[in-house]
Amino acid sequence: MKKKKRIYEIARELGISSKDLIAKLVEMGMPSLYPANSVGEEEYDLILSLYQDEASDKEERPAPLLPQARKGEPRPPVVAVLGHIDHGKTTLLDAIRRDHVAQGEAGGITQSIGAYQATYNGKTITFIDTPGHKAFTTMRARGARATDIAVLVIAADDGIMMQTIEAIDHIKAAGVPIIVAINKIDKVNANVDRVFTQLVEQKLVPEELGGETIVVSLSALTGKNINDLLEMILLLADMEDLRADPDGPLHAIIIESYLDSSRGPVATAIIKNGTLRERDFIVTGSTCGRVKALIDGRNHRIKAATPGQAVLILGLQHLPTPGMTVEICADQNSAKQLAEKQRDNDRKPRPSREKMSVADLFREAAVKKKIKLILKASSIGALEAAIREIENITVSDVTLEIIHSGVGPITESDILLASSSQDPCLVAGFGSKPDSKVVKSAASHNVSIKSYDIIYDLLDEIEERLTQLVSPESKEIIIGEVIIRDLFHLSIGTIAGCYVTSGKVTRDAHINVIRNGEKLFSGKIASLRRIKEDVAVVQSGRECGIKLEEFDDLQVGDILQVFLTEEVAP
């Protein structure tokens with residue numbers, strides 16, 4: 001059997017990035033490939049010959065002007081590992097830590113910092129030690145993206161579980177590239193093919209099946225194919241072209257914080273751009289301070305933290321909130337002023353969605369024409385029935401997106417996902433209710449919860465509110481007609497001396513100016529007078545003076561159509 005080679009391996013041989021190689025192959029007329037795709041020996045030889053011919057041609061002709069390179073230099077990717085409980089997240093991280101972190105750098109140290117760096121093929125990867133859904137989504141809710149890549153761990157024997165689906169929804173909501181690690185392939189009852197089928201159902205089509213999702217089958221227990229996972233992480237980082245400028249403005253994100261009895265407030269931060277140094281004045285959210293010490297994942301005190309590093313920060317006055325960014329200030333006063341400004345903003349009362357009706361929530365969404373839904377049900381059957389019926393609801397120009405669904409009670413994770421949505425999001429339970437703790441969490445995050453026992457109540461509510469999002473149509477109702485008999489040009493503008501030929505004129509009406517059968521203007525009445533007095537209405541057969549808003553180009557003989565605007569429900 002002829003040996004196959006993956007695209008990223010060929011790119012490495014040629015000394016170029018996978019991204020550049022794929023682009024060149026497409027330019028040469030070859031079908032679009034993915035970095036992890038394998039090709040046979042004949043295709044491999046063809047790629048080499050095509051690329052070498054292209055390189056020879058380039059040597060014979062003047063070199064073209066190269067496009068300006070992206071600013072900054074490549075930085076280590078920041079990776080989070082998520083998945084269902086007991087599917088092997090911790091075992092996988094321990095295996096990576098054991099084989100790819102230098103001696104003396106592992107153990108309890110990484111537990112205190114919440115992150116560590118591993119090295120593979122001379123390149124560094126920063127792992128966030130399982131931030132979980134809470135940290136992952138809270139960061140997104142504040143517009144921060146601490147992680148560059150998410151690794152979703154799925155056990156080959158269990159397959160995709162409800163918590164796995166929850167993790168998928170959180171990863172998709174954060175907009176983070178995903179690598180699937182199918183773990184426990186060493187088990188007797190492992191069924192990788194079933195996991196592939198389940199991934200397709202979740203719209204994560206593996207590359208092997210013609211999709212774009214990178215999937216690595218491995219065993220965290222035996223260490224099999226863990227290097228392949230690290231290879232894929234570095235490959236995806238290469239495709240994402242992750243760069244940073246150590247000399248640029250600081251962009252750092254708090255991923256965790258805790259109070260230490262001897263050191264005071266301690267925060268863990270990921271540096272995404274710029275450099276954080278000891279003695280820098282910093283502000284993060286409503287707290288500030290001067291950096292007393294920076295401690296890396298090896299428990300070493302360092303003078304400066306550069307892009308891709310995770311560090312402990314000592315010196316803040318109070319505990320910062322995960323997801324907040326860190327900003328460097330010129331001096332202590334500047335840092336205090338920024339922190340105080342944020343505290344003032346935090347003190348401002350915000351409208352509580354807990355007290356909002358579902359009608360109010362949907363009305364709030366009317367401007368955006370979109371609402372998101374998190375749906376929990378009491379059983380699989382109830383969930384499937386509700387989703388099937390909800391997907392049948394169609395309202396023109398309005399979108400309803402179910403961003404997460406599952407079986408069981410409404411949980412705090414559902415609340416966090418809803419709070420991270422940029423669009424109004426309703427958390428609905430069908431035969432499923434939240435407990436008091438979740439209700440309290442919803443109130444603090446300004447998230448609306450609604451529970452239904454009858455499916456028709458759920459469907460009617462959604463359909464009615466979606467319909468309310470459709471912009472009503474405006475209809476002109478003619479209530480009178482006026483002819484201009486005279487004009488008075490004053491300092492305030494032109495006053496038309498008019499005679500009401502039919503119907504009436506009201507002060508709150510609009511006017512169409514008609515000349516020779518054509519409409520010249522449509523607008524509001526600025527003033528309506530009769531016998532030198534302002535009036536609210538002038539009936540047919542009477543004279544009046546009319547001034548229009550922002551229009552003076554009137555002529556004797558013009559017809560003024562008087563109309564009211566009525567909104568017609570869709």
Side-chain angles (χ1 to χ4, degrees), residues 75-76 78 80 104-105 107-117 124 126-132 134-135 138-139 141-147 244-347:
R75 64 165 175 81
V78 180
E105 294 181 12
I109 298 167
T110 57
Q111 294 173 12
S112 66
I113 193 171
Y116 67 92
Q117 288 190 318
T124 302
T126 300
F127 285 93
I128 297 180
D129 208 346
T130 315
K134 182 175 181 179
T138 302
M139 289 173 196
R142 291 182 169 84
R145 188 169 123 173
T147 52
D245 181 4
D247 299 321
L250 179 69
H251 178 61
I253 302 170
I254 303 294
I255 62 169
E256 190 56 88
S257 64
Y258 62 92
L259 193 61
D260 186 281
S261 58
S262 60
R263 298 187 291 187
V266 179
T268 304
I270 294 286
I271 312 299
K272 302 298 287 287
N273 194 73
T275 300
L276 180 64
R277 297 177 174 83
E278 278 193 359
R279 302 188 64 77
D280 276 343
F281 291 102
I282 60 172
V283 59
T284 172
S286 58
T287 187
C288 62
R290 191 171 195 180
V291 179
K292 292 181 179 178
L294 295 171
I295 301 173
D296 67 10
R298 297 168 296 174
N299 205 27
H300 294 166
R301 183 168 175 174
I302 57 176
K303 294 293 184 182
T306 54
Q309 277 191 281
V311 288
L312 293 182
I313 301 175
L314 278 62
L316 289 167
Q317 294 179 349
H318 307 286
L319 288 180
T321 304
M324 289 294 183
T325 56
V326 181
E327 184 176 344
I328 294 177
C329 297
D331 50 48
Q332 188 174 14
N333 287 336
S334 300
K336 284 183 176 180
Q337 288 173 6
L338 281 174
E340 184 60 38
K341 183 178 180 180
Q342 183 60 48
R343 280 195 291 273
D344 290 341
N345 290 335
D346 293 341
R347 292 189 193 108

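Along the sequence shown, the residues carry numbers beginning at 1. What's counted below: heavy atoms across the whole structure, side chains too, no hydrogens, waters or symmetry copies.
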Closest heavy-atom contact between [X] and [Y]?
X: L314; Y: R263; value: CD2-CD, 3.5 Å
X: Q317; Y: P265; value: O-CG, 3.7 Å
X: G289; Y: L316; value: N-CD2, 4.1 Å
X: S257; Y: P320; value: OG-O, 2.8 Å
X: L312; Y: T268; value: CD2-OG1, 3.3 Å
X: R75; Y: A244; value: CD-CB, 3.6 Å

For the residue pair [X] and [Y], establish whether any side-chain heavy-atom pair is separated by less than 4.5 Å.
X: I253; Y: K272; answer: yes
X: I282; Y: I313; answer: yes
X: I128; Y: I255; answer: yes
X: V311; Y: I295; answer: no

Please report the interatomic distance [atom1]([X]) to [atom2]([Y]), rounded to the nearest 0.5 Å.
X: Y258; Y: L319; atom1: OH; atom2: CG; result: 10.5 Å
X: M324; Y: T287; atom1: CE; atom2: OG1; result: 11.0 Å
X: Q337; Y: C329; atom1: CD; atom2: SG; result: 9.0 Å
X: H251; Y: I270; atom1: NE2; atom2: CD1; result: 11.0 Å

**OP:** For T284, check side chain to side chain donor-acceptor pair (under 3.5 Å) against everything at least two apart and list the hits.
**Re:**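 Side chain to side chain donor-acceptor pair (under 3.5 Å) list for T284, sorted by chain: empty.
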
Original post:
Partners of T306 by side chain to side chain donor-acceptor pair (under 3.5 Å), sequence neighbours excluded?
Top reply: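 Expected list: Q309.
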
**OP:** List for me each residue that meets salt bridge (Lys or Arg N to Asp or Glu O under 4.0 Å) alongside R290, sequence neighbours excluded, and say none if there are none.
**Re:**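 Scan of R290 (salt bridge (Lys or Arg N to Asp or Glu O under 4.0 Å), adjacent residues dropped) gives none.
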
Subject >> Listed partners of E278 passing salt bridge (Lys or Arg N to Asp or Glu O under 4.0 Å), at least two apart >> reply: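 So E278 forms a salt bridge (Lys or Arg N to Asp or Glu O under 4.0 Å) with R301, K303.
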
Please confirm whether the backbone N or O of [Y] pairs with a side-chain atom of [X], one donor and one acceptor, at under 3.5 Å?
X: D260; Y: G264; answer: no
X: N273; Y: D245; answer: yes
X: T275; Y: P246; answer: yes
X: R343; Y: S286; answer: yes

Original post:
What pairs of residues pass the salt bridge (Lys or Arg N to Asp or Glu O under 4.0 Å) test when at least one of them lies in residues 324-338, not counting sequence neighbours?
Top reply: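 Counting only pairs at least two positions apart or across chains, no salt bridge (Lys or Arg N to Asp or Glu O under 4.0 Å) contact touches residues 324-338.
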
Subject >> Q117 versus T124, side-chain donor and acceptor atoms under 3.5 Å >> reply: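 No, no side-chain donor-acceptor pair sits under 3.5 Å.
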
